[in-house]
Amino acid sequence: MVGKMERFKHKKSLGQNFLNDKNILNKIVVGSCIEPNSLIIEIGPGSGALTEKLIETNNDVLAFEIDTRLDIYLDKLEEKCANFKVIYIDFLKANINEYLSKYKYSKLYVIANIPYYITSPIINKVIDELRPDCFTIMIQKEVGSRLMAKPNTRDYNSLSLYCQFYYDILKICDVSKSCFTPKPDVDSVVLKFNRNDNKFKVTDENDFFRFVKSAFKQKRKNLRNNLKQYDLSKIETFLNSIDKNLSYRAEQLSLNEFVSLYNFLNNEN
Ligand code: SAM
């Protein structure tokens, strides 16, 4: 394997920094707390280092890899392990649910060391289309801070709210750049998303996220400026009831307050 890896030409354009640290691989698998009878989807298995550990859990593992040159590792794994299947396709363009219908499972896990240049589209697709019970991702450290960010911090934004609306997010571990081959420019973090099953309720989720995005549209501007297209007097009534006003910025409202404000705005009475 090592000899072959030396010959494999990693494509920077596909974010091909492969994990080479056994300790981190174990932390990802153990930290994901995978239950029996689960289906695990892996996005971008690369040369299969994490894949092998996932296969060892004896659950079905279904991997989506864009680079067919990696068949030299992944096809062998598929021949050897009845619980592993690899599909060579762009995860972002694939209809993943079509592949899932062939499996029987009680819980769905998505686990991925994600190429950094497509972090947001992958997170959006996983949450929108698959909504797994658990989602473990390795991402750039700074992006991780944004996803976990709390109100009144610089990192808090509409993507933080989107992820936290559906998932409780925990950090599994930090990962130094030296744990990868080739070594990337940035450090990483592994996060675990646990689905929170309807902790927050709004009448129309897509419309709610449009509202949140508008509130954050221009970070330096206050709610009065960013939410001009909505009923400002109703917004002000709500904000006053929680001792805030239209001069506040979006980053000063918690997810709970955003949900209550949106529901208040859409309440007929
Ligand atoms: N999982 C391996 C590991 O941890 O060592 C490889 C991770 S590497 C950061 C990202 C992997 O995602 C590469 O194998 C790359 O070819 C693959 N990839 C990149 N874009 C993809 C896409 N749109 N769909 C599926 N796989 C993709």
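Counting starts at 1 for both ligands and their atoms, following the listed order.
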Query raised in the report: Is ligand 1 under 4.0 Å from a heavy atom in the side chain of N113, in the backbone, in both, or in neither?
Result: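 It is both parts that get close, each with some atom under 4.0 Å.
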Query raised in the report: Should the pair K141-D187 be classified as a salt bridge under the 4.0 Å nitrogen-to-oxygen rule?
Result: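 No, no charged N to carboxylate O under 4.0 Å.
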Query - Cationic N near anionic O, under 4.0 Å, D168 to K199 - result: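 Looking at K199 together with D168, the answer is yes, because their closest N to O distance falls below 4.0 Å.
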Hey, which atoms in ligand 1 end up nearer than 4.0 Å to a heavy atom of [X]?
{"X": "Q16", "result": "13 (C), 15 (C), 16 (O)"}
{"X": "L70", "result": "14 (O)"}
{"X": "F91", "result": "22 (C), 23 (N), 24 (N), 25 (C)"}
{"X": "D90", "result": "22 (C), 23 (N), 24 (N)"}
{"X": "I89", "result": "24 (N), 25 (C)"}
{"X": "Y117", "result": "19 (C), 20 (N)"}
{"X": "F64", "result": "25 (C), 26 (N)"}

Query raised in the report: Would you say the side-chain atoms of S106 pair up with the backbone N or O of N37, donor to acceptor, closer than 3.5 Å?
Result: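 A pair under 3.5 Å: yes.
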Query raised in the report: Do N263 side-chain atoms and K201 backbone N/O form a donor-acceptor pair below 3.5 Å?
Result: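 The answer is yes, because a donor-acceptor pair under 3.5 Å joins these two groups.
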Nearest to [atom], what protein heavy atom do you find, and at what distance?
{"atom": "atom 14 (O) of ligand 1", "value": "E65 OE1, 2.8 Å"}
{"atom": "atom 12 (O) of ligand 1", "value": "G44 CA, 3.3 Å"}
{"atom": "atom 5 (O) of ligand 1", "value": "L19 N, 2.8 Å"}

So is [X] in contact with ligand 1, going by heavy-atom distances below 4.0 Å?
{"X": "N20", "value": "no"}
{"X": "P45", "value": "yes"}
{"X": "E42", "value": "yes"}
{"X": "T51", "value": "no"}

Report task. Write down the atom of F258, the atom of A215, and the distance for their closest heavy-atom approach. Result ->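 The pair with the smallest heavy-atom distance is CE2-CB, 3.7 Å.
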Query raised in the report: So do the side chains of E42 and V86 get within less than 4.5 Å of each other, counting heavy atoms only?
Result: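 E42 vs V86: side chains apart.
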Query raised in the report: Judging by distance only, is a nitrogen or oxygen of A49 under 3.5 angstrom from one on ligand 1?
Result: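 No; every N/O pair is 3.5 Å or more apart.
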**Report entry** Nitrogen or oxygen of I118 less than 3.5 angstrom from that of ligand 1
**Finding:**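 No, I118 has no N/O under 3.5 Å of an N/O on ligand 1.
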**Report entry** Approximate separation, where rounding is to 0.5 Å, of N20 CG and S178 OG
**Finding:**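 Here the interatomic distance stands at 7.5 Å.
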Requested in this report: With rounding to the nearest 0.5 Å, note down the distance linking CZ in F91 to CD in E65.
Outcome: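 Here the rounded value is 12.5 Å.
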Query raised in the report: Please walk me through it: do Y230 and F211 pass ring pair (Phe, Tyr, Trp, His ring centres under 6.0 Å)?
Result: CA-CA 9 Å; Y230 293 92; F211 175 68; 4.9 Å; yes
Report task. Return the option from G46, G15, S47 holding the heavy atom at the smallest distance from atom 8 (S) of ligand 1. Result ->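 It is G15 whose heavy atom sits nearest to atom 8 (S) of ligand 1.
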**Report entry** Selection from L74, I122, I66 by shortest heavy-atom distance to atom 27 (C) of ligand 1
**Finding:**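 The residue whose heavy atom sits nearest atom 27 (C) of ligand 1 is I66.
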Requested in this report: Would you please indicate yes or no on a ring centroid separation below 6.0 angstrom for F18 and F180?
Outcome: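 No, the ring of F180 stays outside the 6.0 Å limit from the ring of F18, centre to centre.
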Query raised in the report: Do the two ring centres, one from F165 and one from F208, sit under 6.0 Å apart?
Result: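 Ring centroids of F165 and F208 are less than 6.0 Å from each other.
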Query raised in the report: Quick one: which of I24, T136, L54 gives a side-chain contact (heavy atoms from CB on, under 4.5 Å) with V29?
Result: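 Of I24, T136, L54, side-chain contact (heavy atoms from CB on, under 4.5 Å) with V29 is met by L54 alone.
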